[in-house]
Amino acid sequence: MMCTLRTLFLKGKFPTAAAWKEVTRSAQATATFATGPRQNDTTLYEFRTYDIKPSMMSAFMQLCKENFHLRTAHSELVGFWTYELGGLNKVFHIWKYDSFAHRTEVRSKIAIDKLWQGDFISKALPMMDKQDNEIAYLVPWCKLQKPEKEGVYEMVSFQFKPGGPAVWGKAFRAAISTHVNTGYTKLVGVFNTEYGLLNRVHVLWWNENADSRAAGRHMAHEDARVVAAVRESASFLDSQINMLLIPAPFSPLK
């Protein structure tokens, strides 16, 4: 049908109402076989993780504190954290872009930014052992939240079985919702990877401190609703890992 429509347009003719109706019906039928809700918002998030040489961690953070304003002049930094638990001598930061074209534009500009390259990149690279990045979207049922006060963050990364949100999305959302409803923690964002490991979801939580998080978890695991929802979601899970993150002084998310 799409080839037929293209032929009509090339000949300067317009399809009939019946033809358009058939295209709509076909698109709806195709959507039935999608792996999850359509991603209509082009906003994307880049997750970056750097492994820093142990002896250089303090110097690296000081370098970031003094110079990261040069980078944030080009695009929005969502948050910047150091690993406290679940990893050592690592930093993690999230960048927000309007689209892939926007990211390309920004990356092109910072590559020729002499201040950024000279004052930060040339000094930072020798301090690093490794760099990783992922591209993710916020899931359609979640908006990015900013906590009202300072605290600590927990990033939980779930690796699901192949199939996409159409397979595991409903059960996973229910598990997240039951934790939110306990009230012991604040949901900051739920992100589904687009580049990197697929069928991977990152959930970012805020807690007042590590002890309030631990107490809340113990309480939640005695809630029958939480237990039932987690068990259902876990049936689609391959693995998961979590990290306790401390926001840097210059992080927008505190």
Side-chain angles (χ1 to χ4, degrees), residues 2 5-6 9 23-24 26-28 30-50 64 67-81 91-117 120-121 124-125 131-147 153 155-160 162-169 172-173 176 187-206 245 247-248 250-254:
M2 292 306 296
L5 289 178
R6 183 174 182 274
F9 279 120
V23 170
T24 301
S26 178
Q28 290 172 340
T30 301
T32 304
F33 299 99
T35 57
R38 291 184 182 278
Q39 179 65 43
N40 296 316
D41 187 357
T42 61
T43 302
L44 57 94
Y45 298 84
E46 182 174 8
F47 289 19
R48 285 184 163 248
T49 304
Y50 299 162
C64 290
N67 294 285
F68 237 59
H69 66 281
L70 299 173
R71 177 60 183 83
T72 55
H74 292 281
S75 64
E76 182 180 347
L77 174 67
V78 174
F80 190 111
W81 300 265
V91 299
F92 169 67
H93 38 124
I94 302 176
W95 297 91
K96 181 180 179 181
Y97 296 101
D98 297 335
S99 63
F100 284 103
H102 179 216
R103 180 184 181 275
T104 298
E105 179 186 353
V106 169
R107 299 297 299 172
S108 296
K109 288 180 178 179
I110 63 175
I112 58 174
D113 185 326
K114 293 182 180 179
L115 280 177
W116 173 245
Q117 293 295 326
F120 182 80
I121 294 296
L125 287 180
Q131 293 177 289
D132 286 310
N133 74 336
E134 292 178 298
I135 295 294
Y137 292 115
L138 276 171
V139 297
W141 46 269
C142 177
K143 294 184 181 297
L144 191 64
Q145 303 294 324
K146 186 172 184 178
Y153 290 75
M155 172 83 101
V156 188
S157 298
F158 300 88
Q159 186 63 48
F160 284 100
V167 174
W168 42 259
F172 177 70
R173 182 178 181 178
I176 296 298
L187 180 63
V188 178
V190 181
F191 305 84
N192 192 13
T193 56
E194 179 73 9
Y195 285 94
L197 283 174
L198 298 181
N199 297 292
R200 193 178 196 188
V201 180
H202 301 290
V203 184
L204 188 61
W205 301 94
W206 174 93
L245 305 171
F250 53 88
S251 175
L253 288 180
K254 300 296 188 183

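Quick caveat, the model's predicted, so the values are computed rather than measured.
- For residues 94-104, every residue pair satisfying the salt bridge (Lys or Arg N to Asp or Glu O under 4.0 Å) rule, not counting sequence neighbours, is listed here: E46-R103.
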How far apart are the C-alpha atoms of W205 and I176, what are their side-chain angles, what is the distance that settles it, and do they pass the side chain to side chain contact (heavy atoms under 4.5 Å, CB included) test? CA-CA 11 Å; W205 301 94; I176 296 298; 3.9 Å; yes
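- For R71, the side-chain hydrogen bond (donor to acceptor under 3.5 Å, both in side chains) partners two or more places apart in sequence, or in a different chain, are S75, Y97.
- More than 12 non-hydrogen atoms from other residues, nucleotides or ligands lie less than 6.0 angstrom from CZ of F100.
- Taking all atoms of both residues into account, the shortest heavy-atom contact from S251 to G79 is OG-CA, 3.4 Å.
- Under the rule for a side-chain contact (heavy atoms from CB on, under 4.5 Å), the partners of P162 that lie at least two apart in sequence or sit in another chain are N199.
- To the nearest 0.5 Å, the span separating CG on N192 from CG on L198 amounts to 8.5 Å.
- In this structure H74 satisfies the side-chain hydrogen bond (donor to acceptor under 3.5 Å, both in side chains) test together with D113, sequence neighbours excluded.
- The shortest heavy-atom contact between I94 and L77 is O-CD1, 3.5 Å.
- Side-chain contact between F80 and P252: absent, with no pair of heavy atoms (C-beta onward) separated by less than 4.5 Å.
- Checked against E105 for a side chain to side chain donor-acceptor pair (under 3.5 Å), the options R107, K109, H102 give a single hit: K109.
- Inter-residue side-chain proximity for Y195 and L44 is flagged as unmet; no heavy-atom pair is nearer than 4.5 Å.
- In this structure, the separation between CG on L144 and CZ on F191 is 5.0 Å, given to the nearest 0.5 Å.
- Between F120 and L70, every side-chain heavy-atom pair lies at or beyond the 4.5 Å cut-off.
- By the 4.5 Å heavy-atom criterion applied to side chains, W206 and L253 are not counted as neighbours.
- A perpendicular orientation is assigned to the rings of Y50 and H93, their planes being inclined by more than 60° (bins at 30° and 60°).
- Among residues two or more places apart in sequence or in another chain, the side-chain hydrogen bond (donor to acceptor under 3.5 Å, both in side chains) test is passed with T49 by none.
- Remark: E194 engages no residue in a side-chain hydrogen bond (donor to acceptor under 3.5 Å, both in side chains) (not counting sequence neighbours).
- At distances below 3.5 Å, at least one donor-acceptor pair connects side-chain atoms of T193 with backbone N or O atoms of R200.
- Side-chain N or O atoms of Q117 include none that pairs as donor or acceptor with a backbone N or O of I112 at under 3.5 Å.
- The two residues L125 and Q131 have their closest heavy-atom pair at CD2-OE1, 4.2 Å.
- Note: W168 and F172 have perpendicular aromatic rings, judged against thresholds of 30 and 60 degrees for the angle between ring planes.
- Counting heavy atoms from C-beta outward, W95 and T72 have side chains that approach closer than 4.5 Å.
- Residues F47 and M155 are in side-chain contact: their nearest non-hydrogen atoms beyond the backbone lie under 4.5 Å apart.
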